[in-house]
Protein chains: 2
Amino acid sequence: MSKYENIDFTHYARVFKAISNPNRLKILVYFMSCCEPGSVCTVGDGPRCCVGELGSLLSVAPSTLSHHLKELHGAGLINMQRRGQQIECWLATDAIAAVREFFSFAADPVCGQADNSHCGGKDEAE
Amino acid sequence: MSKYENIDFTHYARVFKAISNPNRLKILVYFMSCCEPGSVCTVGDGPRCCVGELGSLLSVAPSTLSHHLKELHGAGLINMQRRGQQIECWLATDAIAAVREFFSFAADPVCGQADNSHCGGKDEAE
DNA sequence: TTCATATTTCGACATATTTCGAATTATAGG
DNA sequence: CCTATAATTCGAAATATGTCGAAATATGAA
């Protein structure tokens with residue numbers, strides 16, 4: 001029985017659609033790259049920011065940005081919470097973990113080998 | 001310097017767009033689930049198949065299927081090669097590995113912890 | 001060559017997406 | 001209460017996507 005046996009295609013399709021737009025992908029990557037590898041991030045610096053701050057990242061109209069954030073939030077990739085006048089956004093790390101898991105078939109002891117010739121496929125380009 | 005410093009947004013957006021459609025996602029998962037975990041797949045069974053075989057997976061017109069395969073191939077997710085009358089398709093495992101790597105920020109010794117509170121974010125739902 | 005099978009290309013159409021500006025809502029502060 | 005700031009909702013317009021059927025292309029076999 002494959003690990004993809006009972007996969008929710010609708011859900012994952014929505015997640016991937018959320019990051020299929022370059023602007024939304026930029027937002028996600030902005031959140032994912034909050035830390036410099038090997039260093040400890042300053043608390044409160046980076047991972048949480050308000051909508052307006054994200055706007056400087058994209059150069060689109062506020063209404064457009066709002067729409068994109070709604071998509072990301074609807075797909076469960078980011079969290080949003082009002083804090084005074086502003087609305088704070090931060091990464092939904094569990095959702096990212098789920099996506100990472102989705103692609104981790106290669107961790108399978110058999111299928112996960114660099115070459116998958118045991119599966120009957122020669123990994124040559126066309 | 002973040003690992004996302006020099007990321008090709010256009011490329012990854014295209015990859016995610018390719019699997020943002022439920023039908024195309026089904027095709028990808030079909031290829032990814034060729035093996036049953038812990039077992040060795042029969043050579044020639046599963047991972048390589050012709051376009052027609054994939055059609056039974058989707059119930060769409062052949063022309064539609066062809067369009068979807070073109071998208072997946074254009075995004076570099078599958079390989080295609082003519083073999084007689086048929087055209088064989090199989091997973092581009094290196095492309096999948098690249099996507100997996102994209103989401104593996106959590107493998108970072110600091111950022112990769114289950115809770116990312118060190119980043120200033122409390123992972124609470126809104 | 002002629003026919004059958006496998007797949008793609010083309011043109012068309014309905015629907016979805018991206019984007020904007022204007023108007024609206026929510027909150028903070030005088 | 002009034003004003004300013006932050007963000008969303010609401011049309012509207014341009015573009016992209018998903019789908020089909022018909023026609024075209026590629027290959028193999030009679």
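Everything numeric in this text was worked out from a predicted model, so none of it was measured. Below, chain A is the first sequence line, B the second, and so on; all start at residue 1.
Listed pair A:Arg82 / D:dT8 fails the phosphate criterion, with no side-chain N or O lying under 4.0 Å from OP1 or OP2. At C:dT7, none of the side-chain N or O atoms of B:His67 fall inside 4.0 Å of OP1 or OP2 (strictly under the cut-off). Contact annotation: A:Asn21 side-chain N/O to D:dA16 OP1/OP2 distance is not under 4.0 Å. Contact between the side-chain N/O atoms of A:Lys70 and the OP1/OP2 oxygens of D:dA7 is not found at any separation under 4.0 Å.
Minimum atom distance to the side chain of A:Gln86 is reached by D:dA6, of the listed D:dA6, D:dA26, C:dT8. Checked against C:dT9, C:dT8, C:dT7, the side chain of B:Ser63 finds its nearest nucleotide in C:dT9. Distance from the side chain of A:Thr64 is smallest to C:dC20 among D:dT8, C:dC20, C:dT8. Counting only heavy atoms from C-beta on, B:Gln85 has its side chain closest to C:dT5 among D:dA4, D:dT8, C:dT5.
Spacing between atom CZ of B:Arg83 and atom C1' of D:dA26 amounts to 17 Å, rounded to whole angstrom units. Taking atom CD1 on A:Ile87 and atom P on C:dT25, their separation rounds to 15 Å, with Å as the unit. One atom, CD1 of B:Ile19, and another, P of D:dT17, lie 15 Å apart when rounded to the nearest Å. C:dT18 atom C1' lies 6 Å from atom NE2 of A:His68, rounded to whole Å. When rounded to the nearest whole Å, the span between CD of B:Glu88 and P of D:dT27 equals 15 Å. Taking atom CG of B:Leu58 as the reference point, atom P of D:dT19 lies 8 Å away to the nearest angstrom. A straight line from CD1 of A:Ile78 to P of D:dA7 spans 12 Å, rounded to a whole angstrom. Rounded to a whole Å, the CD atom of A:Glu71 is 17 Å from the C1' atom of D:dA7.
Between the CG atom of A:Leu69 and the CG atom of A:Leu77 there is a distance of 11.5 Å, given to the nearest 0.5 Å.
Between A:Val60 and A:Gly84, it is A:Val60 whose nearest contact on DNA chain C lies nearer the 5' terminus. The nearest heavy atom of DNA chain D to A:Lys17 and to A:Ser66 marks one nucleotide each, and the one closer to the 5' end goes with A:Ser66.
When all heavy atoms of B:Cys50 and B:Gln86 are compared, the closest pair comes out as SG-OE1, 3.4 Å. Among all heavy-atom pairs drawn from A:Asn79 and A:Leu91, the shortest one is OD1-O, 3.6 Å.
Sorted by first then second residue, the side chain to side chain donor-acceptor pair (under 3.5 Å) pairs that include residues 10-22 of chain B, not counting sequence neighbours, number zero.
Between the A:Arg100 side chain and the B:Phe103 main chain, a donor and an acceptor come within less than 3.5 Å of each other.
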